[in-house]
There are 2 protein chains.
Amino acid sequence: MKQPAICPKFEKAISLLSQRWTALVIYQLLSGSQRFSEIQSAIGISGKVLSERLKELEQQEVVKREVIPETPVVIEYSLTEKGKSMEPILRTIENWSQQWVKLESE
Amino acid sequence: MKQPAICPKFEKAISLLSQRWTALVIYQLLSGSQRFSEIQSAIGISGKVLSERLKELEQQEVVKREVIPETPVVIEYSLTEKGKSMEPILRTIENWSQQWVKLESE
DNA sequence: TCTATAACTTACTTTATGTAACTTAGTTTA
DNA sequence: TAAACTAAGTTACATAAAGTAAGTTATAGA
């Protein structure tokens with residue numbers, strides 16, 4: 001009765017994407033590089049968790065961080081190639097949601 | 001500086017999929033209807049959380065529950081049409097993971 | 001010197017998840 | 001007939017993750 005184990009690469013992808021906020025952060029960055037505070041207000045995430053997520057995403061090489069020496073200093077976050085390659089995932093979810101998700105208000 | 005709000009249907013889809021275990025449960029059911037204990041051992045989720053997730057997924061009409069009066073009674077879970085329509089999402093993640101995810105062991 | 005700003009960080013509270021033992025109902029087994 | 005077994009949960013308790021709001025750091029302008 002042993003079942004084939006779930007592919008570890010798939011599992012790793014799922015565990016990344018199914019952390020709260022991660023998918024929304026990536027989705028948000030699909031529209032171009034943005035600053036910490038922009039991402040924060042766009043998706044309504046707390047500074048604490050956004051900071052954690054961005055570090056993890058940097059470490060996974062999904063997001064890159066760039067310091068811009070303005071005044072006060074500004075930090076720009078953008079997607080790497082790996083990050084951009086996730087666009088089809090987000091678009092597939094987007095399409096599905098338009099077809100299948102019902103809101104309370106409907 | 002107001003940004004366009006994120007589409008509420010998309011947000012709802014994301015909040016469903018980014019709950020821990022939800023995507024894996026759906027993925028598991030893509031290979032056919034299964035019993036509580038099969039899902040549990042296949043993906044390594046605790047009975048408590050699996051029970052919570054299955055209730056939510058039933059409520060969202062993604063999963064359906066069927067009582068089979070064997071002995072002892074068996075409960076079969078399977079995907080509804082809405083659930084099956086999520087297959088492209090999982091396959092897109094699966095494909096991406098094969099191309100981009102690196103494991104520790106590599 | 002005082003105030004302002006962006007990007008965090010910290011301390012503390014609330015919520016979610018994990019673990020393991022327990023429940024229920026019908027069924028064998030001793 | 002009573003003890004034991006099974007599937008599918010549920011409960012109580014412990015740990016981890018997320019939310020909130022105040023605080024920190026560095027630079028600069030009033």
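The sequence lines fix the lettering, A, B, ..., with proteins before strands; numbering per chain opens at 1. A quick note: this is a predicted structure, and the numbers were derived from the prediction, not measured.
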Distance col, row A:R20:CZ vs B:S18:OG, nearest 0.5 angstrom, shows 7.0 Å
Using atom CD of A:E38 as one end and atom P of C:dT5 as the other, report the distance to the nearest whole Å. 16 Å
Whether the side chain of B:Q40 engages the backbone of B:L50 through a donor-acceptor N/O pair (distance < 3.5 Å, no angle test) should be reported. no
About how many Å separate CG of B:L16 and CD1 of B:I26, when rounded to the nearest 0.5 Å? 6.0 Å
Reckon B:S37 has a side-chain N or O less than 4.0 Å from the OP1 or OP2 of D:dA7? no
Summarise protein proximity over nucleotides 21-30 of chain D in one line of letters, 5' to 3': B for base, S for sugar-phosphate only, - for none, counting protein heavy atoms closer than 4.0 Å. -------S--
If the condition is ring pair (Phe, Tyr, Trp, His ring centres under 6.0 Å), which residues does B:F36 pass it with, not counting sequence neighbours? none
Using distance only, find each side-chain donor-acceptor pair of residues 80-93 of chain A under 3.5 Å and give its atom names and separation, not counting sequence neighbours.
unit_1 : atom_1 : unit_2 : atom_2 : d
A:T80  : OG1    : A:E61  : O      : 2.6
A:T80  : OG1    : A:V62  : O      : 3.1
A:T80  : OG1    : A:K82  : N      : 3.3
A:T80  : OG1    : A:G83  : N      : 3.1
A:K82  : NZ     : A:Q60  : O      : 2.9
A:S85  : OG     : A:K82  : O      : 2.5
A:S85  : OG     : B:W96  : NE1    : 2.8
A:S85  : OG     : B:W100 : NE1    : 3.2
A:E87  : OE2    : A:R91  : NE     : 2.9
A:E87  : OE2    : A:R91  : NH2    : 3.1
A:R91  : NH1    : A:E94  : OE1    : 2.9
A:T92  : OG1    : A:P88  : O      : 2.6

Roughly how far, to the nearest 0.5 Å, is CD1 of B:I6 from OH of A:Y27? 6.5 Å
Could you state the atom-to-atom distance from CD1 of B:I75 to C1' of D:dT6 in whole Å? 13 Å
B:L24/B:I39 under side chain to side chain contact (heavy atoms under 4.5 Å, CB included): CA gap, chis, key distance, verdict: CA-CA 9 Å; B:L24 276 182; B:I39 303 173; over 6 Å; no
Without swapping roles, check the side chain of B:Q34 against the backbone of B:G32 for a donor-acceptor pair under 3.5 Å. yes
If we only count heavy atoms from C-beta on, is the A:I75 to A:R65 side-chain gap below 4.5 Å? yes
Near DNA chain C, under 4.0 Å by heavy atom, which residues of residues 52-66 of chain A? A:K55, A:R65
Donor-acceptor pair, distance only, cut-off 3.5 Å: does the side chain of A:K12 make one with the backbone of B:K102? yes
Kindly compute the distance separating CG (A:L17) from CG (B:L17), expressed to the nearest 0.5 Å. 9.0 Å
Please determine whether side chain to side chain contact (heavy atoms under 4.5 Å, CB included) holds for the pair B:V73 and B:I68, giving the CA-CA distance in whole Å, both sets of side-chain angles, and the decisive distance to 0.1 Å. CA-CA 6 Å; B:V73 70; B:I68 295 174; 5.9 Å; no
Quick one: is A:S51 getting a side-chain N or O under 4.0 Å of the C:dT9 phosphate, OP1 or OP2? yes
Whole angstrom is fine here: how far is it from CG in B:L50 over to C1' in D:dA8? 10 Å
Salt bridge between A:R53 and A:E56, side-chain N to carboxylate O under 4.0 Å? yes
Pull out every residue in residues 19-26 of chain B that has a heavy atom closer than 4.0 Å to any atom of DNA chain C, ordered by number, or say none. B:R20, B:W21
Phosphate OP1/OP2 of C:dC8 contacted by A:Y77 side-chain N/O (<4.0 Å): yes
Overall bend - the helix from C:dT1-D:dA30 to C:dA30-D:dT1, comparing terminal axes fitted on five pairs, nearest 10 degrees: 30°
To the nearest Å, give me how far apart CD1 (A:I45) and P (D:dT20) are. 11 Å
